Amino acid sequence: MKYRIFLMGLVMLLCTTGTLFADELSDAVALHQESLDMIWLLVAAALVFFMQAGFAMVEIGLTRAKNAGNIIMKNLMDFCAGSLVFWAIGWALMYGTSVKGMFGSSQFFILGADSTMFRDWMFQVVFAATAATIVSGAMAERTKFTAYLIYSVIISGLIYPISGHWIWGGGWLSTLGFHDFAGSTVVHSVGGWAALMGTLALGPRIGKYVSNGKKVASKAILGHNLPLASLGVFILWFGWYGFNAGSTLSGTDLTMANVAVTTTLGASAGAIAAMVISWIKFGKPDVSMSLNGALAGLVGITAPTAVVTPTGAIIIGLVAGLLVVFSVEFLDKTLHIDDPVGAISVHGVCGVWGTLAVGLFGATDSVRGLFYGGGIQQLSIQALGALAVCAWVVVTTGVLFFIIKKTTGLRVSAHEEMTGLDLSEHSAESYSGFQIFTNM
Amino acid sequence: MKYRIFLMGLVMLLCTTGTLFADELSDAVALHQESLDMIWLLVAAALVFFMQAGFAMVEIGLTRAKNAGNIIMKNLMDFCAGSLVFWAIGWALMYGTSVKGMFGSSQFFILGADSTMFRDWMFQVVFAATAATIVSGAMAERTKFTAYLIYSVIISGLIYPISGHWIWGGGWLSTLGFHDFAGSTVVHSVGGWAALMGTLALGPRIGKYVSNGKKVASKAILGHNLPLASLGVFILWFGWYGFNAGSTLSGTDLTMANVAVTTTLGASAGAIAAMVISWIKFGKPDVSMSLNGALAGLVGITAPTAVVTPTGAIIIGLVAGLLVVFSVEFLDKTLHIDDPVGAISVHGVCGVWGTLAVGLFGATDSVRGLFYGGGIQQLSIQALGALAVCAWVVVTTGVLFFIIKKTTGLRVSAHEEMTGLDLSEHSAESYSGFQIFTNM
Amino acid sequence: MKYRIFLMGLVMLLCTTGTLFADELSDAVALHQESLDMIWLLVAAALVFFMQAGFAMVEIGLTRAKNAGNIIMKNLMDFCAGSLVFWAIGWALMYGTSVKGMFGSSQFFILGADSTMFRDWMFQVVFAATAATIVSGAMAERTKFTAYLIYSVIISGLIYPISGHWIWGGGWLSTLGFHDFAGSTVVHSVGGWAALMGTLALGPRIGKYVSNGKKVASKAILGHNLPLASLGVFILWFGWYGFNAGSTLSGTDLTMANVAVTTTLGASAGAIAAMVISWIKFGKPDVSMSLNGALAGLVGITAPTAVVTPTGAIIIGLVAGLLVVFSVEFLDKTLHIDDPVGAISVHGVCGVWGTLAVGLFGATDSVRGLFYGGGIQQLSIQALGALAVCAWVVVTTGVLFFIIKKTTGLRVSAHEEMTGLDLSEHSAESYSGFQIFTNM
Amino acid sequence: MKLIIAYIQPEKLNAVKQELYRREIFKISVTNAMGCGQQKGYKESYRGVDIEVNLLKKVRIEIAVNDSFAEATVDAILVGAGTNTIGDGKIFILPIEECIRIRNRDTGSVAIG
Amino acid sequence: MKLIIAYIQPEKLNAVKQELYRREIFKISVTNAMGCGQQKGYKESYRGVDIEVNLLKKVRIEIAVNDSFAEATVDAILVGAGTNTIGDGKIFILPIEECIRIRNRDTGSVAIG
Amino acid sequence: MKLIIAYIQPEKLNAVKQELYRREIFKISVTNAMGCGQQKGYKESYRGVDIEVNLLKKVRIEIAVNDSFAEATVDAILVGAGTNTIGDGKIFILPIEECIRIRNRDTGSVAIG
Ligand SMILES: Nc1ncnc2c1ncn2[C@@H]1O[C@H](COP(=O)(O)OP(=O)(O)O)[C@@H](O)[C@H]1O
Ligand SMILES: Nc1ncnc2c1ncn2[C@@H]1O[C@H](COP(=O)(O)OP(=O)(O)O)[C@@H](O)[C@H]1O
Ligand SMILES: Nc1ncnc2c1ncn2[C@@H]1O[C@H](COP(=O)(O)OP(=O)(O)O)[C@@H](O)[C@H]1O
């Protein structure tokens, strides 16, 4: 009996300490899981935040010196105002309890957030700001600063979160199986189409299109600081590793390596394609086009990044680089739409391309594209999503810019534009002391 | 008996393999804990290191072209010299065995460091360098380079570590319950007050204050490169995610998400407040003030970042943005203290504000502020800490600058100042070939 | 019997649940191990990618305004083309199955890659691009763009991977015990020697060496944008934390802290040494030399970073800073080799120095240098490796540049050089509107 | 021969060039200048401090012409740069004693065009 | 009418402007220039290589005045820019044959002021 | 006294300076200019859109000399800047009525050198 009790005791002890020990251990392991997600998402969020600097530098570099300070203010303020409004309502509309798959409706002011929700808000707010900041480039050098503040708040707080809800917030498009890994549509197309509507509402910069009797000639208005523009592109590319790889949303989803590789190859292919095409078409490898090509490749690979092979990524990038050159030319020379930095082509056109590319090059079990034996099923869903978001943005921003135009006004006066927005909107000079020819 | 032995054996085996297995597992889990801390702190340290670039760009951008090279040298060298002196004595004074809570006294040359201590030194050295680099901005465009080297070494090696010991090194203020999460006081106030003393010792730049008979008029001396200044602010903001969120000092402290969110909202609110106030006061939204506002919000949220709610963070940021505009104006127009980049206002004034804000908006169990039902207990400790550090820095740097003035000299000659420090101190030109009006 | 069965059952149960539980747990722990490696390497890879921006800014800043756009194109395209070629063959030659320790021979197009291989490719591609981009700086302001594209593809795709295989791919040097932790030889020397051969093949820029009768005088051709150059150095330093600390290749190798510390101290010491020497030699602390000094320190510490003490790191950095000043002077004034940014001295000379320093300052059990009681064993292996790689690169790039010279041509015409490569190679202007004196 | 110096608003340079082309005057030199005239300047403000900017950006044109072309040149500038507003600028006419084309050392009237 | 051209040290521009204002001369044009005179330049060094900088930064002033104002203008420049040191600069006086105000096509003495 | 104004190719500035030194003419002022002459400009393209650049970068030289030095100065410029190609530039000679050295108020021929 003694012996039995001893045996039982031994087994008991074993169980208890084992369990105790295992409990501690499994608690630690669970915490590590959360920590890995946390670290990964926060680092990624910081990288995506840094893309604001990239956008600012690209836009400054590709426009004229007399508007640089205004561009700084726009890029700073769309993030600042955008983050407050995304805190107040944007997050709630995007990720709150879904109302029929159309928009979220809870968690305003992210009330009651725990560390997980704080983490997710942090990662999402930097995406929301990106969508708003894209518009800035296309409307550069002639938009009223107050008008800019108004529409950028509305894009970050209303327009972006609602279509975002459809795709990432559990809304109707996600239910259909629409796949947009890191936001070719959610972020870039939204920005691109808003940029298109804004540019249409604004009209071209003075001196951009000159009519010699019957023919309208498109004139080049040179960017004033290519080194800054290139720095901006490098910063954007750098940040894109957070943008895409961070969109695994988990620190233990090892496909993040896949994502990083396809992102790298897509961007590289985009830059090369744009350079080659510009070389063929214009006789010389164009600097700013090649920079745009890298961005085009990045935007294109953003949606399919997690579901394509390296080869797929390269093809997607090449097409994006090609598209961006033709699109920039078509918008400028044929449609006479004046987009100083090429935002509509880079983010709108290549955003759609990336979205469709999922349906063409998807190579995983769950997302299989046309070229990988998946039929046109996925492709049609992708097309539907791209279209729906396009329609949503075109209509809402159309109304938005119309109202702004009729109320506060959207565009500065011709004199203010000629003087430059730095002086007219901020009574500042960006390069005090430098001798700059301002006759253009 | 056989049976018993068999049973015993079985249990034994179970124990042994279980333990063995558990040992391996728990070793792995322990290593992961260390690795998470390690990765988090090293990434954060790299981000904080990058803030050196931010400080350099802000200071370059907000001063004149003729001094840009000198500013580069100062910002490079305060880190380089600072890191060597922080290796030799700074770390020891800050984190060595405490002598009556006043200063540390061991681990000079971080002798015998293991990977944990290497990690912590790495994270701390970038903070020490930040404190020193703040001073550079306020004293820009007129300080002798040798004098700069001397005082920046002494700040990183002596002054910063000792007050740092009080708060972060287990010294007397930490014993009292003083809370400064990421360094509003430890880093920013120290930099800010040293900047104030330096500016007082130096006097204003030539041409900054012009006396027309009896009234002294304050003249604007324009910064020459706002795009670089804005890039600097974006870099600083980016690095601040390492500065604040890294200050959890642990990769598994999930409050890092909370920190990232309040940091974002505080900075945004600061920029908005500064823009709005400058708009109201000066008629136009001022670019460089808005940039300062973002930094003010960041400095303000640095101490309370981990213990406040998002709403608290926004209020703290708004007040910081407001404070920075009024403070810059007050220093310039009333006190005639010439601080080219606004370092005293951003880091000194808003550093104190952030420190006090802990006592007002603290919303956790351990740190509860006045507005969250915590009485004035915490607030008084915060005030005491802010005051003590201010007194320490004012006295020590006061003596330091006095000695420098009497020995090597603190300021370049009027002719050197007019020529610019690039030529006079480094016989270099920063923008060779560019036509720059240098008559100011 | 009942009792026995009960006991057996109990033990069984214990075994099963324990095992089950342990299985889940150990799976989780294994995943965490992989995730830590993954996160660490991807973050490090992103940081190293960002060094491309650093190289671009340094090279732009230290050359003339009329070539800035060309430099942008080179730095963008060497990464883009390099990443495609490293995908196609570079990786395979470097890390594929070794053919007698000379080169790899499998995994072309990284076919069949899993997440681990994707991760490793990502981390390695950014290193390959670094080697290529180094050459760009030394050959700046006079190289044909097409020639540049050709040779940078061949360096990234062939020359770099093969010598890389010897050291990091399991090749003959690694078998001998050659230690190059993060690439002083693998990356920097390769870049540096290729730069030397390129510069020799090209000849100096027009106006660099002027012959007054019999004596050849070396003329300074000033860089046009020191602020950008300094930004580049800060970016490089920032990225170097990924370059060196990431080279632990594991997120749980805690020596990464050691690496970060020695990297910091080495760089700091390098900058200080270069500043002091330039001060002594030229009478003033030279800005661009001090910047070079920081880079020299970084290159020097790259090989030994994981095996030296902080004190060792400081000495290595000091010597590197000293070497870079003397080397720049010697190349320029004695050999009349025109290296606009000092790439040969920084990467070639200090790369060799860093490689040898392993054999002098190595302080671990496995790598013990001369000064730490290890005899000359390690030192000789290091010397052999440095020599072998030098020979390999000098011969292959020598042939390469010779062929390019005879076919497409390596250098632009004198007229194109005087006009500037921006106009002649890209018909673009980098600073449109700015008044720039271009008579040099 | 005359040297015609004109200060005009920077944004009028293109218009002036076009008017000159119409009158078949193809030679012109341009520099960046800062001017102070009846146009009173404006107030910038930087960090809350007012800056009185009374040196405004102008473009300085120099055209050397034979006497017979002087009137047409002046006319082209007047048409191209004139907007009837303060700040339009000024034209000064100076005598030239000699003109030499560096390329072929032509001198006088033949060199100027 | 005279065209008064002066090269002065950049940092003296404000002083010269003030002296001109005092004498009620409000019109002035300024350009950036590089000059080489008795002031011998200085040595910069860049990466250890000496650069002999003998083109120093100067400011070039142009003031067109009626003959009666010429003396006052020269005096203002002398007072504003003179420091008795090498490098102070030079004043050149050239004849103007005609002056036209673009805005209203006024000519001659009335246009110059 | 004469004011010699020359527009030359930017890259010829050093050569011109050397030729001037040889002839012991040490005083010279230089400005950045844009010129339009027989050299027809070139086509840049930016983002696929052609830009006709017909204002080319030139350097503008001003040298004030005593009458006896005028020929040597012109000769120096011709030798230093001449390459027999279009775009070489022009020299204009204007009369100077007075010259004053700011430093010591010297006037006339003695001031110019
Ligand atoms: N007397 C003068 N001397 C030199 N420059 C002058 C003179 N008068 C005018 N200018 C130049 O012409 C520019 C335009 O003159 P302003 O008086 O503003 O024009 P307007 O007479 O059409 O109002 C000035 O900014 C200045 O550069
Ligand atoms: N003969 C001249 N021709 C053209 N510019 C001159 C002449 N003499 C002087 N200058 C200009 O005036 C500036 C000052 O001349 P400098 O001889 O240095 O002054 P100072 O005679 O007071 O010593 C020179 O840098 C140059 O720009
Ligand atoms: N009549 C003129 N008036 C003003 N500037 C002129 C005139 N002719 C030539 N220039 C200046 O001289 C430069 C060279 O003139 P250009 O006709 O190209 O030289 P070349 O006669 O040697 O071919 C022009 O770019 C312009 O700046």
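This structure is a prediction, so every number in the text was calculated from the model and none was measured. Letters A, B, ... are given to chains in the order of the sequence lines, protein chains preceding strands, and every chain is numbered from 1.
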*Asks:* Hey, does the side chain of A/K284 reach the backbone of C/S424 with a donor-acceptor pair shorter than 3.5 angstrom?
*Replies:*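 Yes, the answer is positive, given that a donor and an acceptor are paired below the 3.5 Å cut-off.
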*Asks:* Got A/L231 and C/M57 here, is their nearest side-chain heavy-atom distance under 4.5 Å?
*Replies:*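 Yes; the side chains approach each other to less than 4.5 Å.
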*Asks:* Pick from A/I39, A/V287, A/L47: which one has the most heavy-atom pairs with chain C under 4.5 Å?
*Replies:* A/V287
*Asks:* Grab the two heavy atoms, one from A/L222 and one from C/S432, that are nearest each other, plus how far apart they are.
*Replies:*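 In terms of heavy atoms, the two residues are closest at CB-OG, 3.4 Å.
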*Asks:* Could you look at C/L149 and say if it's the side chain, the backbone, both or neither that has a heavy atom under 4.5 Å from chain A?
*Replies:*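 Side chain only.
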*Asks:* Kindly indicate, with the supporting measurements, whether the criterion side chain to side chain contact (heavy atoms under 4.5 Å, CB included) is fulfilled by C/F79 and A/T264.
*Replies:* CA-CA 10 Å; C/F79 186 85; A/T264 306; 3.8 Å; yes
*Asks:* So C/S430 and A/H224, do their side chains get closer than 4.5 Å, heavy atoms only?
*Replies:*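 Side chain of A/H224 against side chain of C/S430, heavy atoms only: no contact under 4.5 Å found.
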*Asks:* Checking A/V261 against chain C: side chain, backbone, both or neither under 4.5 Å from a heavy atom?
*Replies:*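 A/V261 touches chain C through backbone and side-chain heavy atoms alike.
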*Asks:* Can you find a pair of side-chain heavy atoms, one from C/F118 and one from A/P310, that are under 4.5 Å apart?
*Replies:*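 Sidechains of A/P310 and C/F118: in contact.
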*Asks:* Is the shortest heavy-atom distance from the side chain of C/L31 to the side chain of A/L254 under 4.5 Å?
*Replies:* yes
*Asks:* Let me know if C/L111 has heavy atoms under 4.5 Å from chain A in its side chain, its backbone, both or neither.
*Replies:*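 Neither part.
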*Asks:* CG/C/L84 to CD1/A/I314 distance, rounded to the nearest 0.5 angstrom?
*Replies:*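 Between C/L84 CG and A/I314 CD1, I get 5.0 Å after rounding to 0.5 Å.
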*Asks:* Closest heavy-atom contact between A/V29 and C/A28?
*Replies:* CG1-CB, 3.6 Å
*Asks:* Under 4.5 Å from any heavy atom of chain A, what part of C/A46 do you find: side chain, backbone, both or neither?
*Replies:* both
*Asks:* At a heavy-atom distance under 4.5 Å, which candidate from C/F123, C/F109, C/F145 has the highest pair count against chain A?
*Replies:*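 Maximum pair count with chain A is reached by C/F145.
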*Asks:* Measuring heavy-atom distances to chain A, does C/I60 have an atom under 4.5 Å in its side chain, in its backbone, in both, or in neither?
*Replies:* side chain
*Asks:* With respect to chain C, which residue among A/W240, A/W237, A/W40 yields the maximal number of heavy-atom pairs within a distance under 4.5 Å?
*Replies:* A/W237
*Asks:* Would you kindly say whether A/S268 and C/S83 are connected by a side-chain donor-acceptor distance under 3.5 Å?
*Replies:* yes
*Asks:* Does the side chain of C/M73 reach to within under 4.5 Å of the side chain of A/M275, using non-hydrogen atoms?
*Replies:*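 Side chain of C/M73 against side chain of A/M275, heavy atoms only: contact under 4.5 Å found.
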*Asks:* Flag the pair C/M122 / A/Y241 as yes when at least one side-chain heavy-atom distance between them is below 4.5 Å, and no otherwise.
*Replies:* yes
*Asks:* In terms of relative ring orientation, are C/F49 and A/F234 parallel, tilted or perpendicular, with 30° and 60° separating the classes?
*Replies:*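 Aromatic pair C/F49/A/F234 classed tilted.
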*Asks:* Provide the closest heavy-atom pair for C/I72 versus A/S230 in the form atom of the first, atom of the second, distance.
*Replies:* CG2-CB, 3.3 Å
*Asks:* Out of curiosity, A/T248 OG1 to C/M38 CE, how far, rounded to the nearest 0.5 Å?
*Replies:*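 Separation between the atoms: 10.0 Å.
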*Asks:* Evaluate A/F434 against C/I436 for side chain to side chain contact (heavy atoms under 4.5 Å, CB included), listing each step before the verdict.
*Replies:* CA-CA 10 Å; A/F434 281 91; C/I436 304 176; over 6 Å; no
*Asks:* Parallel, tilted or perpendicular: which fits the ring planes of A/H32 and C/H32, with parallel below 30° and perpendicular above 60°?
*Replies:*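 It falls in the tilted class, 30° to 60°.
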*Asks:* Do A/F238 and C/I235 have side-chain heavy atoms sitting under 4.5 Å apart?
*Replies:*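 No; the side chains remain at least 4.5 Å from each other.
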*Asks:* For chain C, which of A/A229, A/A271, A/G239 has the most heavy-atom pairs under 4.5 Å?
*Replies:* A/A271
*Asks:* Under the side chain to side chain contact (heavy atoms under 4.5 Å, CB included) criterion, do C/L76 and A/S290 qualify, and how do the steps go?
*Replies:* CA-CA 8 Å; C/L76 181 69; A/S290 307; 4.1 Å; yes
*Asks:* Would you find a donor on one side and an acceptor on the other, under 3.5 Å apart, between the side chain of C/H426 and the backbone of A/D286?
*Replies:* no
*Asks:* Taking the side chain as everything from C-beta on, heavy atoms only, tell me whether C/Y431 gets closer than 4.5 Å to A/L226.
*Replies:*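 Not in contact.
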